[in-house]
Amino acid sequence: MTGLAELDAPSLEQVGSPSPELATWRTAVHAGARDVTPMAVGVVPLSVTIGVLLSTSGLSSVQAVASGPIMLAGASQLAALRLLAAGVAPTVVIASSLILNVRIVLYGAAFAPWFARERLFVRLLLAIPIVDQLYFVCIRRFERGDLDRRARLGYYAGAAGWLYGTWWATQLVALAVGPRLLDVAGALAVLAPLALVALLAIATSDRPTGVAATAAAALAIVAGPLPCNTSLLVAALGGIALGSACRGPDAERAT
Amino acid sequence: VNMWILMVAIGVGTYLLRVSMLLALAGGRRLGRWADRPLQLVAPAALAALVITLLVGGAEPVDPADAVAVVAGFLAVRRSRNVLHAFSVGVPASLLLGIAFDHLPS
């Protein structure tokens, strides 16, 4: 993970021609879709869980179908559905979901230098799909430095389209099959936490991130019985605070 | 409560989080160092809290097999950097441990 303050505007045109497989828009789109595929497959268990929850959530079918594209972030969608099912106050639901998504600000900051030369309208569009998986895949690819502006856009579009296409499609299938999937989903309740712990393993790369994760996990266990289901909020904020406090001299280098 | 309002509030709020830095850092500007640390820690803290909430948050007690499986999945991804190994390791672990725990004298 690159420290925000270390992010230089990348020297974009210093590299000559793009990689052969990224010569055209189409090949760039395909390369993005190909590289994000493991992540897209990893999201399926999560989206199936969300779909099953949607089918039993009491939302109207239009709302259930639209909730994915409106919220466009699996973890917070899942959290919102669970909190709603627990009868939590709407303001707490919104606050918890948004706190979960504050991490996306970091991803936006990481993408910003790569898209700095795009027009405003394009940047407004590029912001729509930003999420963990795109960050992990695209930034790693961009940092190899062999993509030009157009190839980056194609790669990003291919990765985002394939990721969200898979995600929404499987969510809708699970929503449609719904209650009949409940038995399977109940037996494999471990799938959603596994999908998220995979991202967690990628996100914890050094000591401070490890401390933040451990502290947040411990707090989530301790704070479980807190009223109004605010434990998620409290645990996330506490983890961030403790991780910041522990961060030692290695804050000086990008990690 | 109107669910549309709730969904749109989360959606619009999330979009603002997404677009904020693409707009703010457009002219080669950078984020100050003050924001560096907390922002880097949001992903691990939020994901860890959510995983634990999913495991222990339900009405039923935690399934020990699932808890071990999640730890195993974490370690597998940590080693391999491949998210799919969370499932290749975690799902069999959950199933096998579930069977094993069922046969433990309780």
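Heavy atoms only: backbone and side chains are in, while hydrogens, waters and symmetry mates are out. Throughout, a chain's letter reflects where its sequence line sits, starting with A, and its residues are numbered from 1. In this text the structure is predicted, and so the values were computed from the model without any measurement.
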Quick one: which of [options] has the most heavy-atom pairs under 4.5 Å with chain B, could you say?
options	result
A/A73, A/G239, A/G108, A/A66	A/G108
A/Q77, A/E118, A/M39, A/R123	A/R123
A/T91, A/L237, A/I128	A/I128
A/P38, A/A75, A/A235, A/A80	A/P38
A/L124, A/V93, A/V41, A/L59	A/L124
A/G210, A/A217, A/A95, A/G238	A/A217

Whether [X] side chain and [Y] backbone form a donor-acceptor pair below 3.5 Å:
X	Y	result
B/D66	B/A69	no
A/W168	A/S47	no
A/Y135	A/F111	no
A/S244	A/I240	yes

Just so I understand: if I count every heavy-atom pair under 4.5 Å between each of [options] and chain A, which residue has the most?
options	result
B/G73, B/G11, B/A76, B/A48	B/A48
B/V12, B/L75, B/L84, B/V89	B/L84
B/L47, B/L22, B/V8	B/L22
B/I10, B/L16, B/V51	B/I10
B/V71, B/V77, B/N82	B/V77

(Q) For a side chain to side chain contact (heavy atoms under 4.5 Å, CB included) check, start with the C-alpha distance between B/M3 and A/S67, then their side-chain angles and the critical distance, and finish with the verdict. (A) CA-CA 10 Å; B/M3 285 301 144; A/S67 72; over 6 Å; no
Contact origin within [X] toward chain B - heavy atom pairs under 4.5 Å:
X	answer
A/P129	backbone
A/L219	neither
A/V211	neither

(Q) Please report the interatomic distance CG(B/L55) to CG(B/L50), rounded to the nearest 0.5 Å. (A)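 Output value for this atom pair is 10.0 Å.
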Q. From A/I70 CD1 over to B/L6 CG, what is the distance, rounded to the nearest 0.5 angstrom?
A.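 Here the interatomic distance stands at 10.5 Å.
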**Q.** Region of B/S20 in contact with chain A, defined by heavy-atom distances below 4.5 Å
**A.**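 Contact with chain A involves the side chain of B/S20 alone.
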Q) Contact part of B/Y15 toward chain A, heavy-atom cut-off under 4.5 Å: side chain, backbone, both or neither? A)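 Looking at B/Y15, just its side chain touches chain A.
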Q) Which atoms form the tightest heavy-atom contact between B/A49 and A/A236, and what is the distance? A)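 Here B/A49 and A/A236 meet closest at CB-N, 4.0 Å.
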Q. Any chance CZ of B/R81 has more than 12 other-residue heavy atoms, nucleotides or ligands included, within less than 6.0 Å?
A.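 Above 12, so yes.
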Q: Carefully, step by step, assess B/D63 and A/V190 under the rule side chain to side chain contact (heavy atoms under 4.5 Å, CB included).
A: CA-CA 9 Å; B/D63 184 341; A/V190 74; over 6 Å; no
